[in-house]
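We name chains A, B, ... by the order of the sequence lines, and we start the count at 1 in each one.
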Number of protein chains: 2
Amino acid sequence: MNQSKRYLDIVRDIRDMIRQEKIKPGDRIPSERELAETMQVGRSTLREALRSLELLGLIETRRGEGTFLSDYRNHKLVEVLSTFVLQDNQSHEDVWRTRQIHEMAAIHEICQNEAASQMKIWDSFRLRLEGESFQREDFVRELMVLSGNRLSLKIWFLLKQYSGNPYDGTVSSEEIDRMNDILTAIERQDADTAIREFKAWSEWLQKERIRNGNYS
Amino acid sequence: MNQSKRYLDIVRDIRDMIRQEKIKPGDRIPSERELAETMQVGRSTLREALRSLELLGLIETRRGEGTFLSDYRNHKLVEVLSTFVLQDNQSHEDVWRTRQIHEMAAIHEICQNEAASQMKIWDSFRLRLEGESFQREDFVRELMVLSGNRLSLKIWFLLKQYSGNPYDGTVSSEEIDRMNDILTAIERQDADTAIREFKAWSEWLQKERIRNGNYS
DNA sequence: AGGATATGAGTGGCCAGACCACTTTCAAAA
DNA sequence: TTTTGAAAGTGGTCTGGCCACTCATATCCT
């Protein structure tokens with residue numbers, strides 16, 4: 001049964017270990033030699049599993065220090081994927097659209113939720129919006145969190161990395177107006193308008209990035 | 001600069017080699033020992049790179065035969081990431097909703113696509129619908145495929161498995177009517193109606209499963 | 001001659017041991 | 001007290017070996 005692909009078992013074991021031991025992003029996992037012994041495998045085999053996870057950005061290794069569970073901000077994998085998996089426009093487009101799917105679904109979900117419209121969060125949201133150096137990413141992530149779907153949030157977070165940090169940078173004054181409009185529509189629970197305006201902003205942002213050559 | 005992470009260089013070298021030598025999916029790539037020699041690198045280090053690519057589904061290794069390039073479109077990225085993202089404590093509700101998100105987005109996408117409405121596929125679709133033992137899953141999968149978003153399709157496929165095979169079984173006569181209505185709305189490019197009816201069917205189906213105790 | 005069998009080369013799977021380069025720690029020296 | 005440096009621990013890499021498996025070839029038996 002377990003004839004070949006032992007390193008795949010190790011990948012699964014490591015995943016289970018991370019769950020059971022409740023290792024959080026940033027935490028250190030046992031050393032290679034230690035893991036190899038407890039799992040009764042050779043160190044080189046164990047390393048094959050670790051390097052695979054590292055290429056995916058799930059772990060981070062630092063020579064002389066150890067191996068750490070990645071905090072999901074490691075984007076070494078973007079390089080690999082953009083040159084390997086995502087080498088055609090179709091795949092790029094898919095990532096972009098799929099991310100949009102989750103974002104618009106989040107807005108839709110928030111609008112459906114009765115309680116959301118009555119929350120005080122929108123005021124504080126606007127307050128931060130006016131503040132200095134408000135990050136574009138914070139705006140979208142906040143919406144994803146408010147949707148209440150943690151799985152969708154996780155998927156979105158991954159897709160965001162794969163699409164070349166689409167929300168890098170701080171918002172301009174023009175964007176603040178756009179965001180305010182979106183928030184107002186959400187408060188009114190007007191999903192159609194909110195989504196339409198969000199989509200407009202998203203596509204405006206994309207054009208802006210292309211104009212500035214901010215690929216990745 | 002390139003002090004550490006030699007296996008990453010190998011990953012890139014292999015990619016370049018594949019491009020230069022015009023190796024196509026299904027073709028065999030040089031053996032590990034051979035590659036290690038030409039790249040002036042140890043075999044274990046080379047294997048770390050190969051196993052990483054294998055985990056991503058970019059290559060396929062068969063003991064005693066060799067290593068083969070696989071179709072890059074069949075990359076396993078989503079599958080691997082899902083084992084880490086889809087944790088056991090993930091609420092059933094989130095999985096269910098996220099799957100719905102992708103399904104409704106697919107329908108929306110199809111309706112947006114001008115060409116789709118003029119395709120002949122809908123007739124053959126209906127024909128199969130009338131036939132014997134049409135599987136529920138086929139209906140939804142077909143829609144996902146027609147959306148043209150391969151990534152969304154992959155994610156959906158995983159979520160479907162994770163949410164306990166929600167589309168097991170064949171369609172009843174009542175469901176055929178529902179599906180016909182959905183298809184008609186899609187043909188009219190009436191996304192709102194199509195999605196509403198799909199949602200209605202989806203939730204009816206869920207209740208039906210609960211009634212029959214078809215959990216999982 | 002033809003089919004079954006044995007053999008050997010080639011391949012990936014895995015392991016043990018050995019260095020190296022690097023970071024951390026902590027005790028000894030200033 | 002501060003500085004220094006040696007030791008322990010870690011990941012990075014290579015070597016060489018053995019195993020299990022596949023396949024093509026040669027060999028043997030009928």
Taking DNA chain C as the partner, which of residues 24-37 of chain B come within under 4.0 angstrom of it by heavy atom?
-> B:Arg28, B:Ser31, B:Glu32, B:Arg33

Residues which pass side-chain contact (heavy atoms from CB on, under 4.5 Å) with A:Thr67, listed by chain and number, not counting sequence neighbours = A:Ile29, A:Ile59, A:Thr61

For B:Ser52, what residues pass the side-chain hydrogen bond (donor to acceptor under 3.5 Å, both in side chains) criterion, not counting sequence neighbours?
-> none

Distance only, no hydrogens: is a donor on one side chain within 3.5 Å (strictly under) of an acceptor on the other, for A:Thr98 and B:Asn149?
-> yes

B:Arg6 CZ to D:dG12 P: how many Å, rounded?
-> 13 Å

For A:Trp204, is the NZ or CZ atom of A:Arg178 found under 6.0 angstrom from the centre of its six-membered ring and inside 45 degrees of the ring axis?
-> yes

For DNA chain D, which residues in residues 38-52 of chain A have a heavy atom at a distance below 4.0 Å?
-> A:Arg43, A:Arg47, A:Arg51

Between CG of A:Leu55 and C1' of D:dG11 the distance, given in whole Å, is 17 Å

Using whole Å, report how far CZ of B:Arg63 lies from C1' of C:dC14.
-> 9 Å

To the nearest Å, how far apart are B:Leu53 CG and C:dG12 C1'?
-> 15 Å

Spacing between A:Leu8 atom CG and C:dC14 atom C1', to the nearest angstrom | 14 Å

Can you tabulate the close N/O pairs, meaning under 3.5 Å, that link protein atoms to atoms of nucleotides 3-7 of chain D?
none

Set of side-chain hydrogen bond (donor to acceptor under 3.5 Å, both in side chains) partners for A:Thr45, sequence neighbours left out = none

Applying side-chain contact (heavy atoms from CB on, under 4.5 Å), name anything that partners A:Glu65, two or more places apart in sequence or on another chain.
-> A:Arg62, A:Phe68

Ring pair (Phe, Tyr, Trp, His ring centres under 6.0 Å) with A:Tyr167: which residues, sequence neighbours excluded?
-> A:Trp201

Polar-atom pairs under 3.5 Å, protein N or O versus N or O of nucleotides 5-9 of chain C: list them with distances, or write none.
none

side-chain hydrogen bond (donor to acceptor under 3.5 Å, both in side chains) partners for A:Arg141, two or more places apart = A:Glu137, A:Asp138

Say you draw a straight line from CE of B:Met104 to NE2 of B:His108; how long is it, rounded to the nearest 0.5 Å?
-> 11.0 Å

Does NZ or CZ of A:Lys154 fall inside the cone over A:Trp156's six-membered ring, less than 6.0 Å from its centre and within 45° of the axis?
-> no

Here the distance between atom P of D:dG11 and atom CZ of A:Arg62, to the nearest Å, is 11 Å

Residue-phosphate contact under 4.0 Å: B:Thr61 side-chain N/O, C:dT11 OP1/OP2 | no

Decide side-chain contact (heavy atoms from CB on, under 4.5 Å) for A:Leu35 and A:Asp13; before the verdict, give the C-alpha distance in whole Å, the side-chain angles of both, and the deciding distance to 0.1 Å.
-> CA-CA 10 Å; A:Leu35 280 175; A:Asp13 286 348; over 6 Å; no

When rounded to whole Å, the CG to C1' distance for the pair A:Asp9 and C:dC14 reads 13 Å

Short side-chain donor-acceptor distance under 3.5 Å, A:Ser202 and A:Gln100 | yes

Could you state the atom-to-atom distance from OH of A:Tyr7 to C1' of C:dG13 in whole Å?
-> 11 Å

Please name all residues satisfying salt bridge (charged side-chain N to carboxylate O under 4.0 Å, His left out) with B:Arg97, sequence neighbours left out, ordered by chain then number.
-> A:Glu109, B:Glu93

Any side-chain N or O of B:Thr67 under 4.0 Å from OP1/OP2 of C:dG12?
-> yes

Who are the side-chain hydrogen bond (donor to acceptor under 3.5 Å, both in side chains) partners of B:Ser147, not counting sequence neighbours?
-> none

